[in-house]
*Asks:* 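After the structure tokens below, expect a handful of questions from me.
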Amino acid sequence: MKTTDKRLKAVLCMAMLSALAVAADIFLRIPGIGGFLTYEPKDVILTIGAFIFGPVQGLVMSLVVCLIEMVTVSSTGLIGLLMNFLSSGVFVGISAVIYWRKKTLGRAIIGLIAGSLSMLVVMLLWNYILTPIFMGIEREAVLELFVPLLIPFNLLKAALNSALILLLYKGVVTALRKSHLIEERKSNDTEHKKTNTVLIICVSALMVITLALVMLIFSGIISM
């Protein structure tokens, strides 16, 4: 099969998975407190897509879906877009970059655990930064929500998504192969190294920005 045809099929498949993620976001959404904490299984589909096509492609699909979410079902505007993309991007990206190196069940489980814990840390920090702006409450009140609300919610969300990914991934891949939309992928160490480098740079930059903002807020230099 020509390279152009393979790329076209990959783009078509990623577009289809993104559309399914949007549908899951719209029709399977479970509203949360004040519309701020909601559960939707879009990350399940996005992570499966990232497991198939790669972490960077997973991040692109995540951004597209979050943008569509912002202009359809979300009422939180740009803050909601940022929070949704951070949540999905960290979970999808970290999970996929670990699994992508060597596609085994063990690596998938390790990747999902790492993605879940990374997402938890990032969401706690960014809730501390942005929730006072969005909900008009003091930051001390946000800290008081960590244990009874934010930590359990994000852990439950990540655990449920991880279980669904492990349950559905093989079936989805088998169906796509039978439809000739994807093929068996050969190992490419150069591609793996480039992908890992991109993700490491992105995650490192995100953590530096996040921690810098938190430190500036704690020191009183900025008040957001």
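This chain uses plain numbering: 1 for the first residue, then up along the sequence.
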*Asks:* Should Met14 and Ile52 count as side-chain neighbours, where that means a heavy-atom distance under 4.5 Å?
*Replies:* no
*Asks:* Could you grab the distance from atom OG of Ser18 to atom CG of Leu63, nearest 0.5 Å is fine?
*Replies:* 10.5 Å
*Asks:* Would you find a donor on one side and an acceptor on the other, under 3.5 Å apart, between the side chain of Thr76 and the backbone of Ile79?
*Replies:* no
*Asks:* State, without any angle test, whether Thr131 and Asn127 hold a side-chain donor-acceptor pair at a distance under 3.5 Å.
*Replies:* yes
*Asks:* Checking side chain to side chain contact (heavy atoms under 4.5 Å, CB included) for the pair Val122/Met207: CA distance, chi angles, key distance, verdict?
*Replies:* CA-CA 8 Å; Val122 168; Met207 293 309 299; 3.8 Å; yes
*Asks:* Please determine whether residues Phe27 and Met16 belong to a single hydrophobic cluster, defined as Ile, Leu, Val, Met, Phe, Trp and Tyr linked transitively by side-chain heavy-atom distances below 4.5 Å.
*Replies:* yes
*Asks:* Are Lys9 and Asp5 close enough for a salt bridge, meaning some N to O gap below 4.0 Å?
*Replies:* no
*Asks:* Side-chain heavy atoms nearer than 4.5 Å, only ILVMFWY residues, links allowed to pass through others: does that put Leu181 and Leu8 together?
*Replies:* no
*Asks:* For a 4.5 angstrom cut-off between non-hydrogen side-chain atoms, does Cys13 reach Leu176?
*Replies:* yes
*Asks:* For the residue pair Leu105 and Leu166, establish whether any side-chain heavy-atom pair is separated by less than 4.5 Å.
*Replies:* yes
*Asks:* Which heavy atom of Phe153 sits nearest a heavy atom of Tyr39, and at what distance?
*Replies:* CZ-N, 4.4 Å
*Asks:* Quick one: pull up CG in Leu124 and CG in Leu143 and give me the separation to the nearest 0.5 Å.
*Replies:* 10.0 Å
*Asks:* Check whether any side-chain N or O of Arg139 sits under 3.5 Å from a backbone N or O of Ile129 as a donor-acceptor pair, and report yes or no.
*Replies:* yes
*Asks:* Exactly one of Ile209, Thr210, Val208 should register a side chain to side chain contact (heavy atoms under 4.5 Å, CB included) with Leu206. Which one does?
*Replies:* Thr210
*Asks:* Counting distance only, does the side-chain N/O of Thr47 pair as donor-acceptor with the main-chain N or O of Val92 below 3.5 Å?
*Replies:* no
*Asks:* According to ring pair (Phe, Tyr, Trp, His ring centres under 6.0 Å), who are the partners of Tyr169, at least two apart in sequence or on a separate chain?
*Replies:* Phe51, Tyr99
*Asks:* Within this structure, what is the CG-CE distance for the pair Asn84 and Met123, rounded to the nearest 0.5 Å?
*Replies:* 7.5 Å
*Asks:* Please tell me whether Ile98 and Val121 are part of a single hydrophobic cluster in this structure, the criterion being side-chain heavy atoms less than 4.5 Å apart.
*Replies:* yes
*Asks:* Can you give me the closest heavy-atom contact between Cys66 and Ser88, atom names plus distance?
*Replies:* SG-OG, 4.3 Å
*Asks:* Do the side chains of Leu81 and Ser74 get nearer than 4.5 Å, heavy atoms only?
*Replies:* no
*Asks:* For a quick test of reading the model, state the closest non-hydrogen atom pair linking Ala50 to Met61 and the distance between them.
*Replies:* N-CE, 3.9 Å
*Asks:* Does any part of the side chain of Trp126, heavy atoms only, come nearer than 4.5 Å to the side chain of Leu130, both counted from C-beta?
*Replies:* yes
*Asks:* Let me confirm one number: the CG-CZ distance from Leu120 to Phe146, rounded to the nearest 0.5 Å.
*Replies:* 9.5 Å
*Asks:* Kindly compute the distance separating CZ (Phe91) from CG (Leu86), expressed to the nearest 0.5 Å.
*Replies:* 15.0 Å
*Asks:* Less than 4.5 Å apart, any side-chain heavy atom of Asp43 and any of Met119?
*Replies:* no
*Asks:* Given the rule that I, L, V, M, F, W and Y join up when any side-chain heavy atoms are under 4.5 Å apart, are Val173 and Ile165 in one cluster?
*Replies:* yes
*Asks:* Identify whether Ile109 and Leu117 are in the same connected component of the hydrophobic contact network (ILVMFWY, side-chain heavy atoms under 4.5 Å).
*Replies:* yes
*Asks:* Within the 4.5 Å heavy-atom criterion, are Arg29 and Glu69 side-chain neighbours or not?
*Replies:* yes
*Asks:* Does the Ser116 side chain pair with the main chain of Leu112, one donor and one acceptor, at a distance under 3.5 Å?
*Replies:* yes
*Asks:* On a heavy-atom basis, which atom in Lys42 and which in Ala21 lie closest, and how many Å separate them?
*Replies:* CB-O, 3.6 Å
*Asks:* What's the spacing between Leu149 CG and Glu144 CD if we round to 0.5 Å?
*Replies:* 12.5 Å
*Asks:* Taking all non-hydrogen atoms of both residues, which atom of Leu46 and which atom of Ser62 are closest, and how far apart?
*Replies:* CD1-OG, 3.7 Å
